[in-house]
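Worksheet: one structure, shown below.
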Amino acid sequence: MIDVALSPADIRPAGTAVVVDVLRATSTIAQALAGGYRRVLCCETLDAALALRSPARALAGERGCVPPPGFDLGNSPAAVRRADRDELVLATTNGCPAIVRSAAGSGEVVLASLLNMDAVVEDLSDIDDVLVVCAGTDGRFALEDAYLAGRLVARLRGERSDAAVAAQRLAKTFHSPLEALAANANAAVLRREGLADDIAWCAQESVLDIVPRVTAVESGIATVEADARDRTRSDLVAGAEAR
Ligand code: MLT
């Protein structure tokens with residue numbers, strides 16, 4: 001079944017969960033891994049992130065779309081495009097908690113954004129038990145996440161749930177990714193905070209050949225690493241089962 005959790009309340013265990021927070025957490029994570037960070041440590045809380053501070057780690061995150069006190073960076077993909085430390089610690093309002101929650105119950109968890117859409121679709125090509133998880137905003141539906149969910153659903157094989165059909169139909173109503181990413185409440189907050197460039201950055205389609213994957217989850221922190229593209233799916237599933 002190809003299903004979509006249109007808000008975090010619909011998160012459930014699935015064979016494969018694909019977490020989507022287009023504006024901006026999953027876009028920033030894909031960009032950070034492409035930019036050379038060896039892993040991203042996604043934290044449910046700001047305190048957990050601050051406790052991970054070390055010289056080898058950059059601390060990034062947001063509350064209300066702006067960097068929290070004591071953090072090195074915000075949640076902008078542009079800010080992490082060139083790694084200057086080994087690891088990125090990331091704490092965001094919606095995306096990181098959705099990743100941690102999804103990882104707690106699902107066989108494997110990958111992260112999708114428009115930036116890495118083709119790579120994720122290719123990775124899922126032989127899987128028909130998929131839950132696309134929309135991180136949403138403060139527990140509620142977010143249009144831009146449903147848009148990407150619909151774009152993904154359109155390219156996956158398998159029976160579709162009603163939520164998957166709804167997302168697919170919604171995605172078709174937009175003429176371009178930028179139109180979808182600009183016409184929502186989160187985009188309005190980003191514009192208000194002077195971060196409009198991030199909307200255009202996140203609207204770029206399939207420019208990163210990277211599949212961020214949760215490789216461990218413990219105490220509200222999910223470790224996310226880029227796929228070693230030469231590892232086979234059975235290796236990855238075996239690894240997930242062993243965790
Ligand atoms: C989040 O995780 O809540 C978002 O990525 C918010 C943001 O745009 O920074």
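Just follow the structure's listing: the first ligand is 1, and inside any ligand the first atom is 1.
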Problem set entry | Heavy-atom donor-acceptor pair, Arg160 side chain to Gly158 backbone, under 3.5 Å | yes

Exercise. Arg53 and Asp72: salt bridge (charged side-chain N to carboxylate O under 4.0 Å, His left out), yes or no, with the steps?
Worked result: CA-CA 10 Å; Arg53 185 184 273 293; Asp72 307 314; 3.5 Å; yes

For this session: Would you check whether Gly95 has a nitrogen or oxygen atom less than 3.5 angstrom from a nitrogen or oxygen atom of ligand 1?
Result: yes

Exercise. Does Asp129 use its side chain to pair, donor to acceptor, with the backbone of Gly15 at less than 3.5 Å?
Worked result: yes

Exercise. With only distance considered, is Cys96 within less than 3.5 Å of ligand 1 through an N or O on each side?
Worked result: no

For this session: Check whether more than 12 heavy atoms from other residues, nucleotides or ligands sit under 6.0 Å from atom CG of Asp84, and answer yes or no.
Result: yes

For this session: Write out the residue and atom name of the closest protein heavy atom to atom 8 (O) of ligand 1, then the distance separating them to 0.1 Å.
Result: Arg24 NE, 2.9 Å

Exercise. Checking Arg57 side chain against Asp86 main chain: does a donor-acceptor pair fall under 3.5 Å?
Worked result: no

Exercise. Do side-chain atoms of Asn116 reach the backbone of Thr26 as a donor and acceptor pair under 3.5 angstrom?
Worked result: no

Problem set entry | Atoms in ligand 1 with a heavy atom of Thr93 nearer than 4.0 Å | 1 (C), 2 (O), 3 (O)

Exercise. Mind checking whether Ala25 has an N or O less than 3.5 Å away from an N or O of ligand 1?
Worked result: yes

Problem set entry | Closest approach of any protein heavy atom to atom 4 (C) of ligand 1, naming residue and atom | Asp21 OD2, 3.4 Å

Problem set entry | Atoms in ligand 1 with a heavy atom of Leu23 nearer than 4.0 Å | 4 (C), 5 (O), 6 (C), 7 (C), 8 (O)

For this session: Quick one: look at Asn75 and ligand 1, take heavy-atom pairs under 4.0 Å, and tell me if it's side chain, backbone, both or neither.
Result: side chain

